[in-house]
Visitor: 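I'd like to ask some things about the structure below.
Whatever order the structure lists them in is the order used to number ligands and atoms, beginning at 1.
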Amino acid sequence: MSTVSKRQNANTNSVSNSDVDFSSNLTDKQRKELEDLKKPAKANEFGGAIGTPLLTFGLPILVYWLWASLEFNQGYPLRPEELSVAGFQKFFVDLYYLVISYAYPTKEAAVIYFAWFFFQAFLQHFVPGKATLGSPLPGGKRLPYVLNGWASWWITMIAVPAGAYFGLYKATILYDHYAPMLTVVNIWSFVFTILLKIHAKIKDEEERMSGYFFYDFWMGFARNPRIGSFDLKLFCEARPGLILWVLFNFSIAAKQYEQFGFIPISTIMVSAFHAWYIADYYYHEEAILTTMDIITEKFGYMLVYGDLAWVPFTYCFQTYYILKHTDAAGKPIQITNEYALLVLAIFSVGFYLFRWVNSQKHAFRRNPENPIWGKRPEFIATKRGTKLLVSGFWGICRHLNYTGDIIISWAWCLPCGFDSIVPYFYGIYFTTLDFHRCHRDHRACLEKYGDDWKEYCRRVPYVFIPYIF
Ligand code: NDP
């Protein structure tokens with residue numbers, strides 16, 4: 001607790017209004033940046049006008065399929081009995097009946113979810129934290145943020161287990177209501193996105209709209225919608241989904257204890273890795289302000305669904321699998337100590353890369369004079385005004401942070417053994433996400449930086465692995 005209070009004491013100084021006020025003396029470049037936001041955008045990402053409705057409706061179906069595979073098929077993927085139109089029809093009808101029968105939204109699930117959602121909103125709004133400014137947005141504006149994630153994380157990690165300990169609810173409550181809650185959150189993600197659309201329209205904050213309904217619904221409307229000082233995007237990105245993911249693991253572990261009489265080592269490992277990753281995220285919370293999600297993305301269904309539904313309900317699939325994938329005697333997967341140590345080593349390598357690469361960029365952006373590996377950093381001073389680091393990790397590859405994250409993602413799956421592909425869903429998805437993300441970031445940087453980005457790519461030709469890719 002001493003670290004928490006030290007951070008809080010150091011962090012309660014507020015940002016003065018003069019830091020925040022958006023000067024009316026815009027440069028021509030800034031004025032043009034603002035004008036550009038009002039221009040129509042091409043519908044050319046995520047498969048455009050066809051791909052985005054498919055993703056909007058396809059992703060929830062994918063999650064139901066994976067859940068049904070875990071819950072009803074011992075963690076093996078449910079498949080059509082025959083590869084024919086009739087076979088697929090039967091498969092989807094069966095899946096539909098499983099959802100209607102077991103994932104129908106209940107009053108209890110809605111009460112649990114919204115109590116959770118508003119508890120997190122309360123913490124974000126009222127817990128003291130470090131006042132800081134975000135990265136410059138188009139037009140030069142920097143938004144003020146109060147970062148209290150570290151304290152909120154610990155408050156939640158004490159309050160939620162305490163509630164179970166004192167008998168307010170069962171420790172298995174989240175697992176017991178998983179499926180109905182998934183449907184509640186699916187519906188809420190749709191409603192929330194529609195409310196964002198209305199909010200952006202009323203406040204005239206829509207940016208780069210394409211005119212294609214589902215494309216705009218997916219990509220979003222305003223970049224940083226706020227109600228007063230409450231930042232909706234930072235909240236959804238950082239709070240209700242991330243911590244719920246960790247709590248799902250804990251709840252599933254409690255179920256395993258109830259069912260097996262012990263918690264398997266593989267569950268302990270996966271839960272500890274996840275909790276460590278999220279605690280680290282909150283400890284370095286300020287770094288989120290320089291990420292693509294906060295700086296570049298607009299806020300729409302892609303992020304809303306990703307943050308609220310996808311992250312908590314699918315990232316816990318490994319522990320869910322360990323609960324359901326039992327042997328003939330009803331016992332869970334056992335892994336050897338040597339194998340556990342190997343997985344720990346892989347996770348540690350991935351985590352080291354992920355953390356230090358991200359921190360290096362963040363520290364450089366805060367103070368470009370900070371030495372990197374004992375030397376003055378080299379950088380490209382861009383015409384846009386910001387600097388691109390070419391020292392340290394950022395001089396080896398353009399996205400070693402993604403490399404670290406991809407290694408982590410596979411380390412999270414390995415404790416599940418090799419019987420089924422379902423627990424490897426996260427590794428497969430995350431590797432695909434980071435490759436696609438890298439491609440999108442490259443395109444965005446090319447647009448932002450032009451020749452300066454080409455020069456950076458010339459000086460740092462590798463993306464993920466030096467001399468290979
Ligand atoms: P980055 O942190 O790499 O941010 C990319 C941005 O950084 C660029 O748009 C550019 O923005 C700036 N930049 C690029 N190169 C340089 C350079 N050489 N020097 C200085 N600035 C540079 O990526 P993300 O925001 O996508 O991700 C951050 C982390 O979060 C990653 O580790 C990622 O894997 C992780 N992540 C995890 C997810 C999960 O579900 N577990 C989901 C999404 C991300 P500008 O110049 O405008 O500042």
Visitor: Provide the number and element of each atom of ligand 1 under 4.0 Å from a heavy atom of His399.
Guide: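 The list of qualifying atoms is 3 (O).
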Visitor: Mind checking whether Tyr281 contacts ligand 1 via backbone (N, CA, C, O), side chain (CB onward), both or neither, at a 4.0 Å heavy-atom cut-off?
Guide: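 None of Tyr281 does.
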Visitor: Taking the six-membered ring where the residue is Trp, are the ring centres of Tyr320 and Tyr175 under 6.0 Å apart?
Guide: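 That pair passes the under 6.0 Å test.
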Visitor: Check the orientation of Phe425 and Tyr429. Use parallel for under 30°, tilted for 30 to 60°, and perpendicular for over 60°.
Guide: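 It falls in the parallel class, under 30°.
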Visitor: Within less than 4.0 angstrom of ligand 1, does Ala444 place any heavy atom?
Guide: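 No, Ala444 has no heavy atoms under 4.0 Å from ligand 1.
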Visitor: Mind checking whether Phe354 contacts ligand 1 via backbone (N, CA, C, O), side chain (CB onward), both or neither, at a 4.0 Å heavy-atom cut-off?
Guide: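 The answer is the side chain of Phe354.
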Visitor: Quick one: look at Arg384 and ligand 1, take heavy-atom pairs under 4.0 Å, and tell me if it's side chain, backbone, both or neither.
Guide: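 The side chain, only.
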Visitor: What protein heavy atom is closest to atom 46 (O) of ligand 1, reported as residue, atom name and distance in Å?
Guide: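 Ranked first by proximity to atom 46 (O) of ligand 1 is Tyr449 OH, 2.3 Å.
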Visitor: Using the six-membered ring wherever Trp is involved, compare the ring planes of His325 and Tyr321 and label them parallel, tilted or perpendicular (cut-offs 30° and 60°).
Guide: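 Ring orientation, 0 to 90° scale: parallel.
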Visitor: Take Asp441 and His439 through the side-chain hydrogen bond (donor to acceptor under 3.5 Å, both in side chains) test and state the conclusion after the steps.
Guide: CA-CA 6 Å; Asp441 191 48; His439 166 73; over 6 Å; no
Visitor: Flag the pair Phe230 / Phe235 as yes when their ring centroid distance falls below 6.0 Å, and as no otherwise.
Guide: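 Yes, ring centres under 6.0 Å apart.
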Visitor: Does Met292, backbone or side chain, put an N or O under 3.5 Å from an N or O of ligand 1?
Guide: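 For ligand 1, there is an N or O atom that lies under 3.5 Å from one belonging to Met292.
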Visitor: Just one of Lys233, Arg437, Arg440 clears the salt bridge (Lys or Arg N to Asp or Glu O under 4.0 Å) bar with Asp293, so which one?
Guide: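 So the option named by the test is Arg437.
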Visitor: Using a 4.0 Å heavy-atom cut-off, which part of Asp434 comes near ligand 1: side chain, backbone, both, or neither?
Guide: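 Within the 4.0 Å criterion, Asp434 contacts ligand 1 through side-chain atoms alone.
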Visitor: Of all the atoms in ligand 1, which lie at a distance below 4.0 Å from a heavy atom belonging to Asp405?
Guide: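 This gives 31 (C), 32 (O), 33 (C), 34 (O), 35 (C), 36 (N), 37 (C) as the contact atoms.
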Visitor: Identify which of Glu297, His362, Arg440, Arg365 has a heavy atom lying nearest to atom 20 (C) of ligand 1.
Guide: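 Among Glu297, His362, Arg440, Arg365, the closest heavy atom to atom 20 (C) of ligand 1 belongs to Arg365.
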Visitor: On the 0 to 90° scale, with breaks at 30° and 60°, tag the Tyr424-Phe418 ring pair as parallel, tilted or perpendicular.
Guide: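 Because their plane-to-plane angle is under 30°, the rings of Tyr424 and Phe418 count as parallel.
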Visitor: Should you measure from each heavy atom of Arg437, which atoms of ligand 1 turn up under 4.0 Å away?
Guide: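 Matching atoms, with element in brackets: 24 (P), 25 (O), 26 (O), 43 (C), 44 (C).
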Visitor: Report yes or no: does Tyr456 have a heavy atom closer than 4.0 Å to ligand 1?
Guide: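 Contact check Tyr456 vs ligand 1: positive.
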Visitor: Anything under 30° is parallel, anything over 60° is perpendicular, the rest tilted; go ahead and classify Tyr315 against Tyr426.
Guide: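 The arrangement is perpendicular - the two ring planes meet at more than 60°.
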Visitor: Identify the protein heavy atom lying closest to atom 24 (P) of ligand 1, giving its residue, its atom name and the separation to 0.1 Å.
Guide: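 It is Tyr402 OH, 3.5 Å.
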Visitor: Side chain or backbone of Asp441 under 4.0 Å from ligand 1, or both, or neither, by non-hydrogen atoms?
Guide: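 Just the side chain.
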Visitor: Looking only at protein heavy atoms, which one is nearest to atom 4 (O) of ligand 1, and how far off is it?
Guide: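 Sorting protein heavy atoms by distance from atom 4 (O) of ligand 1 puts Lys361 NZ, 3.0 Å first.
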Visitor: Are any of the N/O atoms on Lys448, whether in the backbone or the side chain, positioned under 3.5 angstrom from an N/O atom of ligand 1?
Guide: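 There is such a contact, yes.
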Visitor: Report the part of Val460 (side chain from C-beta onward, or backbone N, CA, C, O) that has a heavy atom under 4.0 Å from ligand 1; answer both or neither where that applies.
Guide: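 The answer is neither; Val460 stays 4.0 Å or more away.
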Visitor: Is Thr291 close to ligand 1, meaning an N/O of one under 3.5 Å from an N/O of the other?
Guide: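 No, there is no polar N/O contact under 3.5 Å.
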Visitor: Within the 4.0 Å heavy-atom shell around Tyr426, which atoms of ligand 1 are there?
Guide: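 It comes down to these atoms of ligand 1: 41 (N).
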Visitor: List every atom of ligand 1 that sits less than 4.0 Å from any heavy atom of Lys387, numbering the atoms from 1 in the order shown and giving each element.
Guide: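 Near Lys387, the atoms of ligand 1 are 20 (C).
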Visitor: Among the heavy atoms of Trp412, does any lie under 4.0 Å from an atom of ligand 1?
Guide: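 Trp412: no contact with ligand 1 (<4.0 Å).
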Visitor: Taking heavy atoms and a distance under 4.0 Å, where does Tyr315 meet ligand 1: side chain, backbone, both or neither?
Guide: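 It is the side chain that touches ligand 1; the backbone stays farther off.
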Visitor: Can you say whether the rings of Trp373 and Phe393 are parallel (under 30°), tilted (30 to 60°) or perpendicular (over 60°)?
Guide: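 Judged by the thresholds at 30° and 60°, the geometry between Trp373 and Phe393 is perpendicular.
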Visitor: For atom 16 (C) of ligand 1, grab the closest protein heavy atom and report residue, atom and distance to one decimal in Å.
Guide: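 Here the nearest protein heavy atom works out to Leu388 CD2, 3.7 Å.
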Visitor: Does the cation-pi check pass for Lys387 over Phe379, that is, NZ or CZ under 6.0 Å from the six-membered ring centre and within 45° of its axis?
Guide: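 Judged by the rule (NZ or CZ under 6.0 Å from the ring centre, within 45° of its axis), Lys387 counts as positioned above Phe379.
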Visitor: In terms of residue, atom name and distance, what is the protein heavy atom nearest to atom 32 (O) of ligand 1?
Guide: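 Among all protein heavy atoms, the one nearest atom 32 (O) of ligand 1 is Asn358 ND2, 3.0 Å.
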Visitor: Can you tell me which residue among Lys298, Lys197, Arg223 is in a salt bridge (Lys or Arg N to Asp or Glu O under 4.0 Å) with Glu206?
Guide: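 With Glu206 as partner, salt bridge (Lys or Arg N to Asp or Glu O under 4.0 Å) holds for just one option, Lys197.
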Visitor: Tell me yes or no: between the side chains of Trp67 and Thr314, is some donor less than 3.5 Å from an acceptor?
Guide: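 Note: Trp67 and Thr314 side chains miss the donor-acceptor criterion.
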Visitor: Is Tyr277 near ligand 1, meaning one of its heavy atoms is under 4.0 Å from it?
Guide: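 So Tyr277 counts as touching ligand 1.
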Visitor: Validate the cation-pi geometry between Arg226 and Tyr145: distance from NZ or CZ to the six-membered ring centre under 6.0 Å, angle to the ring axis within 45°.
Guide: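 Geometry flag: set, cation within 6.0 Å and 45°.
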Visitor: Please determine which of Phe192, Phe119, Trp188 meets the ring-ring contact (aromatic ring centres under 6.0 Å, His included) test together with Phe114.
Guide: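 So, applying the ring-ring contact (aromatic ring centres under 6.0 Å, His included) to Phe114 and each of Phe192, Phe119, Trp188, only Trp188 qualifies.
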Visitor: Should the proximity of Arg398 to ligand 1, defined as any heavy atom under 4.0 Å, be assigned to the side chain, the backbone, both, or neither?
Guide: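 Neither; nothing of Arg398 gets under 4.0 Å from ligand 1.
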Visitor: How about Leu143 and Leu137: do any of their side-chain heavy atoms sit closer than 4.5 Å?
Guide: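 The answer is yes; the side chains approach within 4.5 Å.
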Visitor: Give the residue and atom name of whichever protein heavy atom lies nearest to atom 17 (C) of ligand 1, and the separation in Å to one decimal.
Guide: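 Heavy-atom neighbour on the protein nearest atom 17 (C) of ligand 1: Leu389 N, 3.6 Å.
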